[in-house]
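Take a look at the structure below.
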Amino acid sequence: MLEFLRSDLIDLAAYTPHPGGKLTHPVDRLDTNESPFDLPKDFKEKLVRAYQEGIATNRYPDGSHGELKGAIAQYVNESAGLENVIDASRISVGNGSDELIRSLLIATCVGSDCSILVATPTFSMYGILSQTLGIPVSSVSRSETDFSINLGEAKYTVERNPLIRVVFAVHPNSPTANPLTQAEIEWLKSLPEQILVVIDEAYFEFSQTSVVRELEEHPNWVILRTFSKAFRLASLRVGYAIAHPDVTATLEKIRLPYNLPSFSQIAAQLALENRNSLLKVIPELLKERDRLFAAFSNHPNLQVWGSSANFLYLRPQSPQLSLAKWVETLKSKGTLIRHTGGGLRVTVGTPEENDRTLERFQALK
């Protein structure tokens with residue numbers, strides 16, 4: 001009826017978040033790869049003081065993100081063992097990584113006859129955001145054994161399609177939790193400089209594997225990271241890009257002014273200042289991940305893969321099993337998981353949540 005709306009958006013499926021609002025019973029939210037641990041009480045008290053003493057709510061936030069960019073650059077150098085190679089000019093901050101993905105697409109493809117390349121299954125927002133901007137998406141497959149990119153298919157697609165302007169890779173991938181292999185990294189290195197390579201490292205703190213050292217040699221690479229996972233700031237929506245200064249300067253032109261609220265900026269800075277404390281729960285989460293992996297490996301109806309992130313990926317041994325039904329059954333019992341990419345993605349929760357998850361999975365038929 002509303003003919004001014006683009007017809008190509010009618011059949012586009014929007015990203016589906018987990019249920020919001022009040023639920024009728026307690027649930028274990030194991031469907032969005034958040035940390036199961038809220039911020040410590042003393043950290044929240046610091047945030048309250050910072051809000052009361054440092055934020056004038058009648059004033060716009062720092063539109064340059066200057067202090068936060070400097071803190072992020074210091075953290076990137078420290079975590080990669082670099083001697084101040086990354087400075088604030090190589091950092092751009094977004095309202096979550098989603099904003100940065102969208103800005104990168106605007107910077108490269110909007111107004112041009114070009115497309116992007118993804119390997120599926122992967123994070124759905126690359127495709128969704130591209131389609132909302134009218135950008136075609138080329139998809140290649142992954143190995144059914146280890147979910148590495150089908151490099152033969154990817155090389156053929158790039159060679160045959162000169163319109164590909166952006167390649168998205170995830171390290172480790174979601175929903176399958178596998179890091180990039182050396183062969184995949186070598187292929188990304190071989191791509192021509194007119195193609196932007198976006199490497200999403202949202203789960204870096206869990207995998208401890210990064211390609212940030214490669215940036216100096218590859219100015220057409222961008223690394224994306226987030227504060228939503230290991231740093232426990234999912235509700236505050238802070239993501240960042242690490243890239244060549246010319247790329248980040250372009251992102252600064254595209255992003256909306258004052259895109260990150262003052263409270264989110266202060267929280268991210270405090271998180272970096274207290275990173276040793278906040279990140280000390282990661283070994284416990286990895287131990288729980290390994291416990292879940294061992295238990296799922298013994299499930300008669302499931303295949304599970306190793307993980308370099310804070311979640312596990314499962315597929316049924318029998319194609320006759322209804323995963324959608326499983327998801328609804330688990331939801332009715334109080335466990336939320338994600339049905340995606342032909343399998344199930346299960347976030348690692350607290351030990352108590354994981355106990356309930358395993359008990360409920362064992363009862364599935």
Side-chain angles (χ1 to χ4, degrees), residues 8-9 12 15 90-142 148-174 179-180 183-202 204 210-212 214-226 239-255:
D8 62 310
L9 295 180
L12 176 64
Y15 181 84
R90 290 177 174 267
I91 304 296
S92 185
V93 182
N95 195 278
S97 295
D98 295 335
E99 183 190 13
L100 292 162
I101 295 167
R102 192 171 187 272
S103 293
L104 288 167
L105 291 169
I106 293 171
T108 53
C109 289
V110 170
S112 302
D113 188 13
C114 66
S115 64
I116 72 163
L117 178 72
V118 297
T120 55
T122 195
F123 182 43
S124 62
M125 286 307 296
Y126 309 131
I128 292 173
L129 289 170
S130 295
Q131 292 176 69
T132 64
L133 295 170
I135 301 167
V137 180
S138 296
S139 297
V140 298
S141 63
R142 292 179 177 271
S148 59
I149 299 170
N150 185 328
L151 292 180
E153 187 180 345
K155 292 174 184 177
Y156 178 82
T157 302
V158 171
E159 290 170 2
R160 292 295 298 270
N161 186 356
L163 299 181
I164 290 175
R165 187 73 58 82
V166 186
V167 171
F168 284 95
V170 197
H171 187 45
N173 186 47
S174 177
L180 289 170
E184 289 171 305
I185 293 173
E186 292 303 319
W187 171 64
L188 295 174
K189 289 180 181 179
S190 74
L191 290 171
E193 289 189 356
Q194 65 265 29
I195 292 179
L196 176 69
V197 176
V198 182
I199 302 174
D200 194 333
E201 294 187 349
F204 160 71
S210 174
V211 294
V212 72
E214 302 286 348
L215 287 180
E216 197 71 14
E217 299 296 322
H218 300 282
N220 62 321
W221 284 21
V222 173
I223 293 173
L224 298 179
R225 290 188 185 169
T226 181
Y240 61 97
I242 316 164
H244 188 279
D246 289 350
V247 175
T248 56
T250 302
L251 292 175
E252 293 298 295
K253 298 174 185 177
I254 291 169
R255 69 172 173 82

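Counting heavy-atom neighbours within 6.0 Å of Asp113 CG, excluding the residue itself, gives a total of 12 or less.
Ser139 and Thr120 make their closest contact through OG-CG2, 4.0 Å (heavy atoms, listed as atom of the first residue, atom of the second, distance). The two residues Gly239 and Leu100 make their nearest non-hydrogen contact at C-CD1, 3.7 Å. Across all non-hydrogen atoms, the minimal contact from Ser103 to Ile254 is O-CD1, 3.6 Å. Minimum interatomic distance between Cys109 and Cys114 (heavy atoms only, all atoms of both residues): SG-SG, 2.7 Å. Of all heavy-atom pairs between Ser130 and Leu105, the closest is OG-CD1, 3.5 Å. Summarising the geometry of Leu251 relative to Ala241, their closest heavy-atom pair is CD1-CB, 4.3 Å, with the distance given to 0.1 Å.
Atoms OH and OG1, from Tyr240 and Thr226 in turn, are 8.5 Å apart once rounded to the nearest 0.5 Å. The CD1 atom of Ile116 lies 11.0 Å from the CG atom of Leu104; values are rounded to the nearest 0.5 Å.
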Between side-chain atoms of residues 215-224 and protein atoms elsewhere (two or more places apart, or another chain), which donor-acceptor pairs fall under 3.5 Å?
residue : atom : partner : partner atom : Å
Glu216  : OE1  : Arg90   : NH2          : 3.3
Asn220  : ND2  : Ile195  : O            : 2.9

Name the atoms and distances for all side-chain donor-acceptor pairs under 3.5 Å in residues 162-172, with sequence neighbours left out.
residue : atom : partner : partner atom : Å
Arg165  : NH1  : Thr108  : O            : 2.9
His171  : ND1  : Leu180  : N            : 2.9

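You'll find the side chain of Ser92 reaches within 4.5 Å of the side chain of Glu252, heavy atoms only. Residues Ser138 and Asn161 are in side-chain contact: their nearest non-hydrogen atoms beyond the backbone lie under 4.5 Å apart. For the pair Trp187/Val197, no side-chain contact is recorded, criterion being any heavy-atom separation below 4.5 Å from C-beta on. Side-chain atoms of Glu201 and Val211, non-hydrogen and from C-beta on, do get closer than 4.5 Å to each other. Counting only heavy atoms from C-beta outward, the side chains of Asp200 and Tyr126 approach each other to under 4.5 Å. In this structure the side chain of Ile91 reaches within 4.5 angstrom of the side chain of Ile242, judged on heavy atoms.
With sequence neighbours excluded, the residues satisfying salt bridge (Lys or Arg N to Asp or Glu O under 4.0 Å) with Lys189 are Glu186, Glu214.
Here the side chain of Thr122 pairs no donor or acceptor atom with the backbone of Val118 at under 3.5 angstrom.
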I'd like to know whether Leu133 forms a side chain to side chain contact (heavy atoms under 4.5 Å, CB included) with Arg102, so could you lay out the CA-CA distance, the side-chain angles of the two residues, the decisive distance to 0.1 Å, and finally the verdict. CA-CA 9 Å; Leu133 295 170; Arg102 192 171 187 272; 4.0 Å; yes
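Looking at Ser148 and Glu184, their side chains never bring a donor and an acceptor atom within 3.5 Å of each other. A side-chain donor from one of Ser210 and Arg225 sits under 3.5 Å from a side-chain acceptor of the other. Defined by atom type and a distance below 3.5 Å, a donor-acceptor pair is present between the side-chain atoms of Asn173 and Arg142.
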